[in-house]
Amino acid sequence: MTVSQVVFILLSIAALGGALGVVFARNLFRAALALVLSFVGVAGFYVLLEAEFLAMVQILVYVGAIAILIIFAIMLSRRMMSSETQPWNEQWVGAVVVAAALFAALVFILSRVDWPATEAQVPADSISQLGQALVSPDFYVLPFEVASVLLLVALVGAVIIAREQ
Amino acid sequence: MEISLPTFDFLVVAPEIVVLITALLVMVVDMVIGREQKGRLAWVALVGVLAAGALSYYLWDGSDPALHDMLAADGYALFLNLAILVAAALAILFSLEYTGRVGLAQGEYYTLLLLSTAGMMLMAAAINLMTIFLALEILSISLYVLVGLNRAERRSAEAALKYFVLGAFASGFLLYGMALIYGQAGTTSLAGIRAAVQAGGEPSALLLVGLGLMIAGFGFKVALVPFQMWTPDVYQGAPTSVTAFMSVGAKVAGFAALGRVALYAFGDLQGDWRWVLAVLSALTMTVGNLAALRQANLKRMLAYSSIAHAGYALAGLAAGNAQGTSGLLFYLFAYAFMNAGAFAIIIAAGRFEGATGGGETLDDFAGLAARKPGLAVAMALFMLSLAGVPPLAGFLAKLYVFGAAVRGGLIWLAVFGVVNSVISAYYYLRVVVSMYMREGRPAAVPAPVCAGLQVGVALAAVAIVLLGLWPGPIVDLARVAALALLGG
């Protein structure tokens, strides 16, 4: 087993273990902390794939902003901080069956796929190339602008929902 | 370092830009005008929608320009733009009095309505998995908030939460499917995926699983069985004008993207997805119709009816030929008028039955013909058209998609559709019978119907009659639009 395989397995344990923690934790605060662990594991995958910029963004945005905001929201609302939630309800049997079937089907199919992979090296100045691609009309400036509309929608929506009556 | 300024042909996305700017305008105007003048925002929104509609029609010169593999202003997108903008314009007309009556915040309401419209239009124009997803999220997030906008009503909040949680789940399926397709094709552009599909040999399992997951994601948005669970609760809980808008707009946008992905990107794998869509279509119409039979609440009944109609429209897609595609487009266009119109009558009925339960139940419609003959005639037209009675638009739309299914070798699906139409006639006619043959209570509040709503209802009713009697121009447009997608 190579070093990167060992690292991959450790990161997978962090990412999947964190995800399981989010689902099964009875306390919302602990669930949020488990979410941070899962995000960090995913950031590790990006480093392993030589996408350092993506890894930094993952840490900054998901861990630094989103998870911290969730934790703030939980701490600021007293009832959520102390109360225990019930992760199970009476429909769990059906849910387990469906989820397991989907998982089995995906594993069955995806394990036999011949994944196409390129031998190309990641360019050394990938960050500046990425920056230019984001604002270049031949690449991603249009989705970039459309994403700003999406953020506007989310902003307006959040204000409406959070506003006092 | 040399930086070139983007050269952009803004005309390609002019209708979308007009709608977006109008949305921003509504937001800004909302801040500066007084509380009692908020009603005027509707007119700002309406002007923007009509301008975008005129632009869509004017831009349609058969050149089918595309913006850098991201968006296309081809006939397919422009035709669907028209259907979406019809739904938006009708929804604005229906909202004029309703928003004030229910107490919705008008500035936010019209802003989100327009943003959602822009998202739907972008989705119809999207030719890249990235833009498809972004557009879908724009339209979905604005709809989640619109559904929950009625703060005074508990059911509205419940509907918004249900829609949001299930919608986010469906987005996950869609994204996973997109990721698998990207993994095989190495590109998010639909043209690139088409090339990867055509590359020959045995189709990769990644592509097929990806397509399957994407069908599930879109199936949620257009309410196909078995992804329809949310529909009745959300349609019932949402403010009725929002239901009128989303029941049409979200379906049109979902079918637009599904059509592009299936017919264009995966056009060469028809044999692999056609039977899936055919089975989903048969299931969807049957489950929708059987459930609609038992509903006493009209909003719920129309929700199940809209599920059934998603099934009929899907039959056009499952046919997999040019006639089926233009049939689907015609279907969506006709559906915009008849379905939005039917919800408008519920809005109107809620006004004068206000005290007795919101004008949503079948009993509220008893004897409507005696009290409001004009509304009753319009409602009867909408119901008959939804049932598919000739010579109305709904009949022709069904004729086209079922005919295409037969031509595509899916005779069993066409038989299913006809049998289902007969079943559906029962619950549609029940409304007509209730309006014309049952004694109603004397009106609780003898209130006049808002003029804007009357205009909207009249336009919708005239449109379904005209589309039924004189479908030529729209059918021709739909045919050109389908060819733009399939490459004539």
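- Sparse packing is recorded around CZ of Phe139(A), with 12 or fewer heavy atoms of other residues, nucleotides or ligands lying under 6.0 Å away.
- The residue among Ile109(A), Val146(A), Ile160(A) with the most heavy atom pairs within less than 4.5 Å of chain B is Ile160(A).
- At a 4.5 Å heavy-atom cutoff, the contact between Leu24(B) and chain A is made by side-chain atoms alone.
- Looking only at heavy-atom pairs under 4.5 Å with chain A, the residue among Leu139(B), Leu115(B), Val13(B) that has the most is Leu115(B).
- Only the side chain of Leu152(A) comes within contact range of chain B, with heavy atoms under 4.5 Å apart.
- Heavy-atom distances place the side chain of Leu149(B), and not its backbone, under 4.5 Å from chain A.
- The number of heavy atoms from other shown groups lying within 6.0 Å of CZ (Phe39(A)) is above 12.
- With a 4.5 Å cut-off on non-hydrogen atoms, Leu122(B) touches chain A through its side chain but not through its backbone.
- Within the 4.5 angstrom heavy-atom criterion, atoms from both the backbone and the side chain of Leu150(A) approach chain B.
- When each of Ile138(B), Leu71(B), Val145(B), Thr131(B) is checked for heavy-atom pairs under 4.5 Å with chain A, Ile138(B) comes out on top.
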Next on the checklist: Working note: Tyr163(B) + Ser140(B), criterion side-chain hydrogen bond (donor to acceptor under 3.5 Å, both in side chains); need CA distance, chi angles, decisive distance, verdict.
Outcome noted: CA-CA 9 Å; Tyr163(B) 193 32; Ser140(B) 302; 5.7 Å; no

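- Using a 4.5 Å cut-off between heavy atoms, Ala23(B) makes no contact with chain A at all.
- You'll find the ring centres of Phe227(B) and Phe220(B) outside the 6.0 Å limit.
- If you measure heavy-atom distances from Leu208(B) to chain A, you find no contacts under 4.5 Å at all.
- Ring pair Phe45(A)/Phe8(A): centre-to-centre distance below 6.0 Å.
- Side-chain N/O atoms of Ser189(B) and Asp69(B) include a donor and acceptor closer than 3.5 Å.
- More than 12 heavy atoms of other residues, nucleotides or ligands sit less than 6.0 Å from atom CZ of Arg155(B).
- Defined by atom type and a distance below 3.5 Å, a donor-acceptor pair is present between the side-chain atoms of Tyr109(B) and Ser95(B).
- Only the side chain of Leu112(B) comes within less than 4.5 Å of a heavy atom in chain A; its backbone stays farther off.
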